[in-house]
Amino acid sequence: MDYSDNKKEVGGTQSIGRATEILRVIAASDGLGFGLGEIAERSGIERPTVHRILRRLTAESMLVQNPLTRNYHLGPLLYELGLAASSSVPAQQLCKEALQELSGITGDSAFLTVKSGYDVVCLDRAEGHFPIRVLNLGVGQRRPLGCGAGSIALLSTMSDEQVEKILLKNAALLAARAEPSINEFMQIIAQARTQGYATKDAPDLPVRSLSMPVRDAYGNGVCALSVSTLTVRVEQNHDKMVGALRRIAEALALKIRGSLIFKDV
């Protein structure tokens with residue numbers, strides 16, 4: 001056996017994993033991008049290695065660098081690959097229809113989120129007819145799991161052990177967003193399990209979000225449907241919103257079982 005070949009294979013696989021982690025970190029910048037130092041800190045990868053990977057990803061158009069800020073942003077090749085991948089996920093069309101139905105019934109903004117590693121990603125959204133639209137989460141936007149009602153809904157489908165592992169991993173990121181402590185999070189998630197849906201208030205706006213997980217045949221969270229609007233509208237239409245979420249989430253779960261189910265993206 002040629003052990004040098006094995007070493008090359010391990011090194012190549014490790015490089016792919018590191019490049020993927022760097023892409024995830026940059027995707028979580030809310031469009032602002034990150035510089036070399038922050039990417040290294042957030043990814044836990046040594047700075048010289050990060051620099052080398054950034055240069056290659058930029059050369060391949062998977063990243064672009066702002067010449068003024070020196071921050072790195074996701075590049076055009078990722079968008080092109082995303083367009084090609086979207087046609088291979090038939091369940092996503094079912095989710096789009098569910099979102100449109102949800103926003104149509106409530107009149108408010110509806111969102112589809114999925115788990116991606118230790119993050120949650122918005123895959124789609126639909127705007128309602130209510131004049132004040134809450135678009136606090138853009139399509140493709142990535143946040144640490146624990147941030148937002150959709151995160152809480154997805155976490156509520158997991159075991160306490162899984163939840164604690166995720167919250168510990170994301171502790172620094174969640175603290176930077178002024179999110180609750182791990183103990184408080186566990187109480188919030190326990191309440192979501194009891195109610196069957198998650199509730200989350202925006203920290204700086206009179207906005208409230210309700211979210212319900214869509215489960216596979218084994219009870220695992222496939223994705224989450226959420227609706228966000230002014231807090232007063234939720235208080236006035238709470239039962240209607242929860243009822244619509246429950247009915248649409250349950251119908252969607254039945255439709256996508258047996259089709260291509262979302263996995264970590």
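On a predicted model such as this, the values are computed, not experimentally measured, just so you know. What you see below is based on every heavy atom in this structure, not just the backbone, and it leaves out hydrogens, waters and symmetry mates.
- Note on Val242: it clusters hydrophobically with Leu252, by side-chain heavy-atom contacts below 4.5 Å among ILVMFWY residues.
- Atom CG of Leu167 and atom OG of Ser151 lie 9.5 Å apart (nearest 0.5 Å).
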*Hey, mind stepping through Leu245 and Met241 against side-chain contact (heavy atoms from CB on, under 4.5 Å) and telling me if it holds?*
CA-CA 6 Å; Leu245 268 171; Met241 289 181 175; 5.5 Å; no

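- Between Thr20 atom OG1 and Arg24 atom CZ the span is 6.5 Å, to the nearest 0.5 Å.
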Note to self: Please evaluate residues Arg52 and Thr49 with respect to the criterion side-chain contact (heavy atoms from CB on, under 4.5 Å), reporting the C-alpha separation (whole Å), side-chain torsions for both, the decisive distance (0.1 Å), and the verdict.
What the structure shows: CA-CA 5 Å; Arg52 185 172 64 252; Thr49 302; 3.6 Å; yes

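- Not counting sequence neighbours, Asn71 has no partner by the side chain to side chain donor-acceptor pair (under 3.5 Å) test.
- Between Cys95 and Leu112 the shortest heavy-atom distance is CB-CD2, 3.5 Å.
- Under the 3.5 Å distance criterion, the side-chain polar atoms of Ser156 are left unmatched by any main-chain donor or acceptor of Ile189.
- In this structure, Leu77 CG and Met62 CE are separated by 5.5 Å, a value rounded to the nearest 0.5 Å.
- From Ile26, atom CD1 reaches atom CD of Glu21 across 10.5 Å, with rounding to the nearest 0.5 Å.
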message: Please determine whether side-chain contact (heavy atoms from CB on, under 4.5 Å) holds for the pair Leu230 and Phe130, giving the CA-CA distance in whole Å, both sets of side-chain angles, and the decisive distance to 0.1 Å.
response: CA-CA 10 Å; Leu230 298 177; Phe130 185 63; 4.0 Å; yes

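- Salt bridge Glu60/Arg56: present, at least one basic N to carboxylate O contact under 4.0 Å.
- The line from CG of Leu32 to CD of Glu38 is 9.5 Å long, rounded to the nearest 0.5 Å.
- Cluster annotation: Val50 and Val64 are assigned to distinct hydrophobic clusters (Ile/Leu/Val/Met/Phe/Trp/Tyr, side-chain heavy-atom contacts under 4.5 Å, transitive).
- Linking Ile, Leu, Val, Met, Phe, Trp and Tyr residues whenever their side-chain heavy atoms come within less than 4.5 Å leaves Leu173 and Ile39 in two separate clusters.
- When only modelled atom types and interatomic distance are considered, Arg208 and Thr229 share no side-chain donor-acceptor pair under 3.5 Å.
- Leu99 places none of its side-chain heavy atoms less than 4.5 Å from the side chain of Lys96.
- Considering CG of Leu63 and OH of Tyr72, their distance stands at 8.0 Å, rounded to 0.5 Å.
- The residue from Leu154, Asp119, Leu155 that alone fulfils the side chain to side chain contact (heavy atoms under 4.5 Å, CB included) condition with Ile166 is Leu155.
- Gln195 CD: more than 12 foreign heavy atoms inside a 6.0 Å radius.
- Glu184 and Ser181 form a side-chain donor-acceptor contact under 3.5 Å, judged by distance and modelled atom types alone.
- Nearest approach of Gly150 to Ala224, heavy atoms of both residues: O-CB, 3.8 Å.
- Residues Ile105 and Arg247 meet the side-chain proximity criterion, which asks for heavy atoms closer than 4.5 Å.
- For Ile248 against Ala98, the heavy-atom pair with the smallest separation is CG2-CB, 3.6 Å.
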- prompt: Passes salt bridge (charged side-chain N to carboxylate O under 4.0 Å, His left out), Lys200 versus Glu179? Steps please.
  reply: CA-CA 11 Å; Lys200 183 68 186 296; Glu179 295 289 353; 2.8 Å; yes

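- Put simply, the side chain of Gln141 does not reach to within 4.5 Å of the side chain of Arg125, judged on heavy atoms.
- With hydrogens and angles disregarded, a donor-acceptor distance shorter than 3.5 Å links the side chain of Asn66 to the backbone of Thr69.
- Residue Glu235 places its CD atom among more than 12 non-hydrogen atoms of other residues, nucleotides or ligands, all under 6.0 Å distant.
- Listed for the Thr157 side chain is no donor-acceptor partner under 3.5 Å among the backbone atoms of Ala153.
- In terms of heavy-atom proximity, Ser116 sits nearest to Arg142 at OG-NH1, 3.0 Å.
- Summarising the geometry of Ala110 relative to Leu102, their closest heavy-atom pair is CB-CD2, 3.9 Å, with the distance given to 0.1 Å.
- Proximity of a side-chain donor or acceptor of Ser211 to a complementary backbone N or O of Leu225 within less than 3.5 Å is detected.
- Under the 3.5 Å distance criterion, the side-chain polar atoms of Asn170 are left unmatched by any main-chain donor or acceptor of Leu174.
- Contact check for Asp201 versus Val207: no side-chain heavy atoms found under the 4.5 Å cut-off.
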What do the steps show when you test Asp108 against Arg233 for salt bridge (charged side-chain N to carboxylate O under 4.0 Å, His left out), and what is the final call?
CA-CA 9 Å; Asp108 298 297; Arg233 278 180 59 79; 3.0 Å; yes

Check the pair Ser15, Arg18 against side-chain contact (heavy atoms from CB on, under 4.5 Å), reporting the backbone distance first and the verdict last. CA-CA 5 Å; Ser15 295; Arg18 287 171 171 172; 5.6 Å; no

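- Closest heavy-atom contact between Cys122 and Phe111: SG-CD2, 4.2 Å.
- Scored by the salt bridge (charged side-chain N to carboxylate O under 4.0 Å, His left out) test, Arg193 finds Asp160 as partners (sequence neighbours excluded).
- Listed by first and then second residue, the ring pair (Phe, Tyr, Trp, His ring centres under 6.0 Å) pairs involving residues 210-256 are Tyr197-His238 (not counting sequence neighbours).
- Contact annotation: the side chain of Leu123 never approaches that of Val139 to less than 4.5 Å [non-hydrogen atoms, C-beta and beyond].
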